[in-house]
2 protein chains.
Amino acid sequence: MKTDGQLLVRERLDVRAACLTIARALAQHRCLVVVGDCSVEYHGRARSVLESGERILLIKSDGAVLVHRPTGSRPVNWQPSGCILKTTEKDHFLVIEATRRTPMESLTVCFTRVEVIVAAELTDVGGFYLHLSEEELQRAVLAEPGLLLPDLRLVTYEKKVEPGFIDVYGLDSCNRLVVAELKRGRAGRAAVLQLARYVESVRQSTPLVVRGVLAAPALAKGAHTMLAQLGLEFVRVDLEKCAQSILPGRDKKMVEFLT
Amino acid sequence: MKTDGQLLVRERLDVRAACLTIARALAQHRCLVVVGDCSVEYHGRARSVLESGERILLIKSDGAVLVHRPTGSRPVNWQPSGCILKTTEKDHFLVIEATRRTPMESLTVCFTRVEVIVAAELTDVGGFYLHLSEEELQRAVLAEPGLLLPDLRLVTYEKKVEPGFIDVYGLDSCNRLVVAELKRGRAGRAAVLQLARYVESVRQSTPLVVRGVLAAPALAKGAHTMLAQLGLEFVRVDLEKCAQSILPGRDKKMVEFLT
DNA sequence: GAGTGGATTTCGCAT
DNA sequence: ATGCGAAGTCCACTC
């Protein structure tokens, strides 16, 4: 139950006090954690009703709102950052409303009982670095096209064609054009269709033979059939090799989980 | 700083005490909120490093783990429910590890300072009801095909064809087959392609004229062009009418945001 | 503001 | 377990 500039913790507040505490914290753009019994309604792109129960409400300094049940990795209800927050006391309930426009939607959390409120001014400037995203995978293939096809010569990348952007565009040893679509995960039918559209578009603009190559760590079964029907190819990409290609100096153990 | 069977709140704990408190709470499958300065690493399908900063860690009773920065509606790092948790004290740091298999991945949160720990035994049996999902939209159209096309006679739904399942399959007043794809949001190019594949598949198996209908509240601009090229149609679906059709007895004001 | 594509997507359902 | 599509997806980026 200590209070200072950074942190405020309150337990078992009555509705009036909780309302004031939350309103003050919101005004100061603090992060809020509220634990208690609440019900939730959402109106917007869809609608939802959540009956009463004990949950954890998270309100962030940018206005993002999350309602978490005791289980499940995702919030049962939420509102993205940038929404407008309003706290009121109504019929002995604490009501927190989060509204936004485009799309117009609103989330209403109604607490009948508040167990704990934590209001904190959090300082977080630490960098976040994600490796082996699709972007990094592309960097690796661009730096070392042999990872994709032996003797592949890169012509360009992110080449604009009508349906979108071709990830990798090059020539093989027989001077056939190679149109490659990269996926960091298992490639499905959607990826095959995407590639097919690119290949079709390129064929209409060149007399050269065009190879359509889907490059991914694995290929979904349905995608395999479709690929064959459309005369496209699959190339298995070795994520571990790509990782080593991207991060030559780093600890090789970093990729041990990537199989 | 009260303690009872339901709720435990601790502030400014040293690492040793924090470690014990968390281990005990985890053993009791309580929900945990930890606020403090931490760094995070993730190894698995990808890899990530999050440098030191003040965050909110949420551990749920089913083992789901979420690391939230002060902004953004989504966790910066997470681990889905069902993973194995381990808490250790290491070089005066509090280390929490969450590991799972299939896929093999692990999340490591390392606290240098713990501001607050909240451990709560939450009871939540309230129902959650989501309305106007794609499934409900389909129900509405099936119950009242006129919402889609005047005089549409339903033949079947979720009809299996090679590329997948046709949402709505019927006959119009001219006895042309109607193949309709429903979307609850704005329909894009992917939806057009999906419909095109269904129509193509149906045409190969019937001598009847086949109309391909994309039914959605709105159509993306790029999708419009593609639709025209492929000889398909767009039908605007009135979500409000669908909602009223589904929920005849409910408060009409419930759908006021749905435009 | 809309449109497009990726995501450690997650989630659910059917195979 | 895998595959497939939907999601109140969120998110960043482009036009």
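Note: hydrogens, waters and symmetry copies are ignored here, and every other heavy atom, side chains too, is used. So you know, we letter chains A, B, ... as the sequences are listed, proteins then strands, and number each from 1.
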B/Lys60: salt bridge (charged side-chain N to carboxylate O under 4.0 Å, His left out) partners, not counting sequence neighbours
none
In whole angstroms, how far is the P atom of D/dA7 from the NZ atom of B/Lys183?
7 Å
Rounded to whole angstroms, how far apart are CD on B/Glu136 and C1' on D/dA6?
15 Å
When you check the gap from the basic side-chain N to the acidic O, do B/Glu181 and B/Lys183 get nearer than 4.0 Å?
yes
Would you mind reporting whether A/Val213 and A/Val179 have side-chain heavy atoms less than 4.5 Å apart?
no
State which residues pass side-chain hydrogen bond (donor to acceptor under 3.5 Å, both in side chains) with [X]; sequence neighbours excluded, sorted by chain then number.
X	value
A/Glu51	B/Tyr129
A/Glu54	A/Arg113
A/Ser52	A/Asp37
B/Ser48	B/Asn77

Contact residues, residues 191-204 of chain A to DNA chain C [heavy atom, < 4.0 Å]
A/Gln194
Considering only residues two or more places apart or on different chains, which pairs with a residue in residues 218-234 of chain A satisfy side chain to side chain donor-acceptor pair (under 3.5 Å)?
A/Arg211-A/Glu233
If the sugar-phosphate is the primed atoms plus P, OP1 and OP2 and the base is the rest, what is the B/S/- string for nucleotides 8-15 of chain D, using protein heavy atoms under 4.0 Å?
BSBS----
Is there a donor-acceptor pair under 3.5 Å between the side chain of A/Ser61 and the backbone N or O of B/Pro70?
yes
So does B/Ser81 get a backbone contact from the side chain of B/Asp62, meaning a donor-acceptor N/O pair under 3.5 Å?
no
Tell me which donor-acceptor pairs under 3.5 Å the side chains of residues 185-197 of chain B have, and how far apart each pair is, sequence neighbours excluded?
from: B/Arg189; atom 1: NH2; to: A/Pro163; atom 2: O; distance (Å): 3.2
from: B/Gln194; atom 1: NE2; to: B/Tyr198; atom 2: OH; distance (Å): 3.1

Please state the P separation for the pair C/dT8 and C/dT4 - nearest whole angstrom.
23 Å
Interatomic distance at P, D/dG8 relative to D/dC4, whole Å:
22 Å
Scan for salt bridge (charged side-chain N to carboxylate O under 4.0 Å, His left out) pairs involving residues 67-78 of chain B, sequence neighbours excluded, and state none if there are none.
A/Asp124-B/Arg69
Check every strand shown and say whether [X] touches a base, only sugar-phosphate, or nothing at a heavy-atom separation below 4.0 Å.
X	result
B/Glu158	nothing
A/Gln138	nothing
B/Lys160	nothing

Range on DNA chain C touched by chain A, heavy atoms, distance below 4.0 Å:
C/dG1 to C/dC11
Does atom CD (A/Glu158) have a neighbourhood of more than 12 heavy atoms from anything else shown, all under 6.0 Å?
yes
Within residues 210-232 of chain B, which residues have any heavy atom lying less than 4.0 Å from an atom of DNA chain D?
none
